Amino acid sequence: MGKEILANWREGFAFRGNYLIIQVAVKINNLHRWDVSVTEAKEIQLKLANKIVIADKDINPQLIAGVDISSPDSHGMARGAVVVLRYPELNIVEVKVAKSKVTLPYIPGLLSFRECPVILAVCEMLYNTPDIVLVDGQGIAHPRKLGLASHLGLFLDLPTIGCAKSILCGKHEPVEEKPGSFAKLIHNGQIVGAALRTKAKVKPIYVSIGHKTNLTMALNWAMKCCRGYRLPEPTRLAHLAASGKLSPEPK
DNA sequence: GCGACAG
DNA sequence: ATCTTGTCGC
């Protein structure tokens, strides 16, 4: 691994095209040897979190994307998927799927180091540039304010929204049953996101700012991308694509 | 010290 | 994330 690349990663300026060779190091019970300790990875997150931009104005998206990765197979290969939909119809404009080697184990709080390379690799294949990207994971609703959606947003330099299926940190009051209802997610006395009821009688999803968005936008666009399922179409379809259940060709 | 813990 | 069939309800 080039020191330059690592240095750039540390500063949050890893170059597009080079991120695949970035190896972020994590040492876990002496089972693995990596290049950066857990402590260092957390310090990197704190630095990157300072670069997150909160949008002051909304946007009128024409293209909304969703990203996800499959769980790695026995060889550590995972499929990354990105689906681009046209808004408001939500019809498929582009689907890309690509396999990458996953090098890090899953560690709560460090998910982005595991998934970013896979997702960035597939996003590099995109012909279209989405206006917003919905991500299957937290944004700033994270112990160090740098969930997958935020980390990805910095690398893509695009507005991102975290749409997680469960809580990483924070608490909230019960959410009304009516779709569109939400309850603020509070962590350390701060509003870090919200539990959003996307569908009646189904558990809420957890929405938070990724990058270049704000909570109002995040809730609004996540909700407007829902079509009768618990998950918004972009991440729902990306999940299907990653698990090989959606043709990697435009319909 | 103990539990919690995105995917 | 994953192991897993049918089934109850809108």
Side-chain angles (χ1 to χ4, degrees), chain A residues 24 26 28-29 38-39 41-42 44-45 48-49 52 66-82 97 99-122 133-155 160-172 177-179 185-188 192-211 215 218 222 226-232 234-245:
Chain A
V24 170
V26 179
I28 307 131
N29 300 330
V38 167
T39 304
K42 290 180 178 177
I44 291 169
Q45 290 184 320
L48 295 183
I52 294 299
V67 296
D68 193 18
I69 79 170
S70 66
S71 57
D73 62 21
S74 53
H75 303 298
M77 297 299 287
R79 265 195 305 262
V82 53
V97 175
K99 276 197 170 185
S100 297
K101 177 105 174 171
V102 171
T103 52
L104 299 181
Y106 166 69
I107 303 166
L110 298 183
L111 178 68
S112 62
F113 291 107
R114 169 181 166 93
E115 297 204 353
C116 273
V118 180
I119 296 175
L120 290 169
V122 73
V133 181
L134 302 199
V135 183
D136 183 18
Q138 311 289 354
I140 64 170
H142 176 280
R144 290 166 295 282
K145 303 288 195 80
L146 195 85
L148 175 59
S150 298
H151 206 154
L152 216 43
L154 285 174
F155 279 118
T160 56
I161 296 171
C163 299
K165 298 182 292 296
S166 60
I167 293 178
L168 173 59
C169 66
K171 290 177 183 169
H172 65 87
E177 281 302 328
K178 187 180 184 218
L185 184 63
I186 310 290
H187 181 61
N188 290 339
V192 295
L196 173 67
R197 184 83 65 190
T198 53
K199 178 179 178 172
K201 300 182 178 180
V202 171
K203 288 187 300 180
I205 65 169
Y206 300 89
V207 174
S208 58
I209 296 167
H211 181 49
L215 188 53
C226 290
R227 287 291 186 277
Y229 292 89
R230 179 186 178 219
L231 300 181
T235 50
R236 190 180 75 82
L237 294 175
H239 183 79
L240 289 178
S243 44
K245 294 167 187 166

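The figures that follow rest on heavy atoms only: side chains count, while hydrogens, waters and symmetry mates do not. By convention in this document, chain letters (A, B, ...) are assigned in the order of the sequence lines, proteins followed by strands, and residues within each chain are numbered from 1. Here the structure is a predicted model, which is why all the values come from computation and not from measurement.
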J.: If you round to the nearest 0.5 Å, how far is CZ of A:R227 from CZ of A:R236?
T.: 11.0 Å

J.: Distance from A:L168 atom CG to A:S208 atom OG, nearest 0.5 Å?
T.: 9.5 Å

J.: Measure CZ/A:R79 against P/B:dG7 and give the value in whole Å, please.
T.: 19 Å

J.: Could you tell me which residues satisfy side-chain hydrogen bond (donor to acceptor under 3.5 Å, both in side chains) with A:R197, sequence neighbours excluded, listed by chain and number?
T.: none

J.: Compare the aromatic ring of A:Y206 with the six-membered base ring of B:dA6 and state whether they stack according to the 5.5 Å and 30° rule.
T.: no

J.: Can you find a side chain N or O atom of A:K165 that sits less than 4.0 Å from OP1 or OP2 on B:dA6?
T.: no

J.: For the side chain of A:K201, starting at C-beta, report the closest nucleotide among B:dA6, C:dC10, C:dT2.
T.: C:dC10

J.: Given atom CD1 of A:I119 and atom P of B:dG7, what is their separation to the nearest angstrom?
T.: 12 Å

J.: Would you check if A:L148 and A:C116 make a side-chain contact, meaning some heavy-atom pair closer than 4.5 Å?
T.: yes

J.: Between B:dC5, C:dA1, B:dG7, which one does the side chain of A:D68 approach most closely?
T.: B:dG7

J.: Name the orientation class of the two ring planes belonging to A:F113 and A:H151 (parallel below 30°, tilted from 30 to 60°, perpendicular beyond 60°).
T.: perpendicular

J.: In this structure, how many angstroms lie between the P atom of B:dA6 and the CG atom of A:L111, rounded?
T.: 9 Å

J.: Quickly work out the A:Q45 CD to B:dC5 P distance and round it to whole Å.
T.: 18 Å

J.: Base, sugar-phosphate alone, or nothing: which one does A:G109 contact when heavy atoms must sit under 4.0 Å apart?
T.: base

J.: Can you give me the dot-bracket string for DNA chain B, 5' to 3', counting Watson-Crick and G-U wobble pairs with both distances under 3.5 Å, using [ ] for crossing pairs and | for partners on another strand?
T.: .......

J.: Indicate, with a heavy-atom threshold strictly under 4.0 Å, whether A:I167 touches base, sugar-phosphate, or nothing.
T.: sugar-phosphate

J.: Would you compute the distance between atom OH of A:Y229 and atom CD1 of A:I205 and round it to the nearest 0.5 angstrom?
T.: 15.5 Å

J.: Once you round it to whole Å, what is the distance between P of B:dA4 and NE2 of A:H187?
T.: 16 Å

J.: Expressed in angstrom and rounded to an integer, what is the separation of A:N188 atom CG from B:dA4 atom P?
T.: 18 Å

J.: If I take atom CG from residue A:D73 and atom NZ from residue A:K101, how far apart are they, to the nearest 0.5 angstrom?
T.: 8.5 Å

J.: In Å and rounded to the nearest 0.5 Å, what is the CD1 to NZ distance from A:I107 to A:K42?
T.: 9.0 Å

J.: Check the distance between B:dA6's P and A:R114's CZ and give it to me in whole angstrom.
T.: 13 Å

J.: Convert the base pairs of DNA chain C into dot-bracket notation, remembering that pairs crossing earlier ones are written with [ ] and that bases paired across to another strand are shown as |; include only Watson-Crick or G-U pairs under 3.5 Å.
T.: ..........

J.: I need the CD-C1' distance between A:E177 and C:dC10, as an integer number of Å.
T.: 14 Å

J.: For the residue pair A:A149 and A:G137, what are the closest heavy atoms and their distance?
T.: CB-O, 4.5 Å

J.: Please round to the nearest 0.5 Å and tell me the distance separating atom CG of A:D136 and atom CD1 of A:I69.
T.: 9.5 Å

J.: If you compare every side-chain N and O of A:S166 against the phosphate oxygens of B:dG7 (OP1, OP2), does one of them come in below 4.0 Å?
T.: yes

